[in-house]
Amino acid sequence: DAGVIQSPRHEVTEMGQEVTLRCKPISGHDYLFWYRQTMMRGLELLIYFNNNVPIDDSGMPEDRFSAKMPNASFSTLKIQPSEPRDSAVYFCASSLSSNQPQHFGDGTRLSIL
Amino acid sequence: QKEVEQDPGPLSVPEGAIVSLNCTYSNSAFQYFMWYRQYSRKGPELLMYTYSSGNKEDGRFTAQVDKSSKYISLFIRDSQPSDSATYLCAILRGSGSQGNLIFGKGTKLSVKP
């Protein structure tokens, strides 16, 4: 299996620009999660989907962040407008069901200048 | 008190040493406990998954849960340089809902040859 695939691996952009992060979950996995990892706060859950439907977005920091899952094999996390404090590593993970372990992608390292 | 606390280290040991990694948690209702390993510039990968109290062994790795003390541990026997990584504990906050997975900040381990 190819695992969870995220793109791009690195993104450097200027403050105020729109940023779109992409994720392809493992085929057959019903749950998809977006996390953000920083040194200060560790790994934080932003939002998760079950069968393409957003279930809990309470971790999304503010309205500048949005996430979509138009189909079972693709999800996006968008930041508009981006700010320097959004700089972090963003991970996508998927799991087969609610009681199965989460499998992570290798993340997108985002730098906002 | 934070829901999950983990000493960030760093921890440096010689090859062959026994390593002990620990987390404490605040809610005695938590039942599912996990350890993830994260190599540099990679996503976390699941190492161990335990339910309730007791020990679980997998090769050189042993996960231990002490619910009375709200304390979880990961032991690594005969540590190898390839074990050098950040180790994150994770706890399922609810019952069966992966969306409630909360992570410690991780302990960075370095095993010197």
Side-chain angles (χ1 to χ4, degrees), chain A residues 1-10 21 23-26 29-51 53-60 67 88-110, chain B residues 1-10 21-26 30-52 56 58 61 63 72 74 85-109:
Chain A
D1 204 333
V4 175
I5 299 172
Q6 291 186 247
S7 65
R9 287 299 310 276
H10 304 273
L21 311 181
C23 175
K24 177 178 167 53
I26 293 172
H29 281 196
D30 290 338
Y31 285 78
L32 183 139
F33 308 83
W34 282 101
Y35 289 88
R36 178 171 67 177
Q37 188 175 40
T38 61
M39 289 289 290
M40 288 294 293
R41 300 175 68 90
L43 199 59
E44 302 174 284
L45 178 67
L46 300 176
I47 185 172
Y48 79 96
F49 295 82
N50 179 23
N51 291 323
V53 177
I55 302 300
D56 184 356
D57 65 355
S58 60
M60 297 285 261
V89 183
Y90 290 81
F91 287 102
C92 177
S94 68
S95 68
L96 200 55
S97 67
S98 62
N99 285 324
Q100 295 298 310
Q102 295 180 20
H103 299 266
F104 284 77
D106 283 338
T108 295
R109 189 170 295 269
L110 178 64
Chain B
Q1 183 187 2
K2 292 183 181 177
E3 288 185 287
V4 180
E5 300 222 42
Q6 184 174 10
D7 186 340
L21 304 165
N22 310 292
C23 285
T24 58
Y25 61 94
S26 59
F30 295 158
Q31 295 187 65
Y32 293 85
F33 307 93
M34 302 167 207
W35 285 95
Y36 281 79
R37 177 176 62 195
Q38 185 175 19
Y39 290 114
S40 180
R41 298 186 178 271
K42 291 287 190 179
E45 56 176 330
L46 183 71
L47 263 183
M48 304 282 286
Y49 182 12
T50 59
Y51 171 73
S52 196
K56 183 174 181 179
D58 184 1
F61 298 89
I72 61 174
L74 178 70
T86 297
Y87 290 80
L88 302 102
C89 61
I91 299 177
L92 201 59
R93 190 190 280 120
S95 57
S97 171
Q98 288 285 327
N100 287 319
L101 196 61
I102 48 175
F103 285 84
K105 286 189 177 180
T107 300
K108 188 169 184 178
L109 171 68

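These numbers come from a predicted model, not from an experiment. Here is how names work: the chains are called A, B, and so on, in the same order as the sequence lines, proteins then strands, and each is numbered from 1.
If you measure heavy-atom distances from Leu88(B) to chain A, the contacts under 4.5 Å come from the side chain alone. In this structure, chain B has heavy atoms under 4.5 Å from both the backbone and the side chain of Leu43(A). For Gln6(A), no part sits under 4.5 Å from any heavy atom of chain B, backbone or side chain. For chain A, no part of Gln6(B) is nearby; none of its heavy atoms comes within less than 4.5 Å.
With sequence neighbours excluded, the residues satisfying salt bridge (charged side-chain N to carboxylate O under 4.0 Å, His left out) with Glu44(A) are Arg36(A), Arg41(A). Listed by chain and number, the residues in a salt bridge (charged side-chain N to carboxylate O under 4.0 Å, His left out) with Lys42(B) are Asp106(A) (sequence neighbours excluded).
In this structure, Thr107(B) contributes its side chain and Asp7(B) its backbone to a donor-acceptor pair below 3.5 Å. Lys105(B) places a side-chain N or O within donor-acceptor distance of the main-chain N or O of Met40(A), the cut-off being under 3.5 Å.
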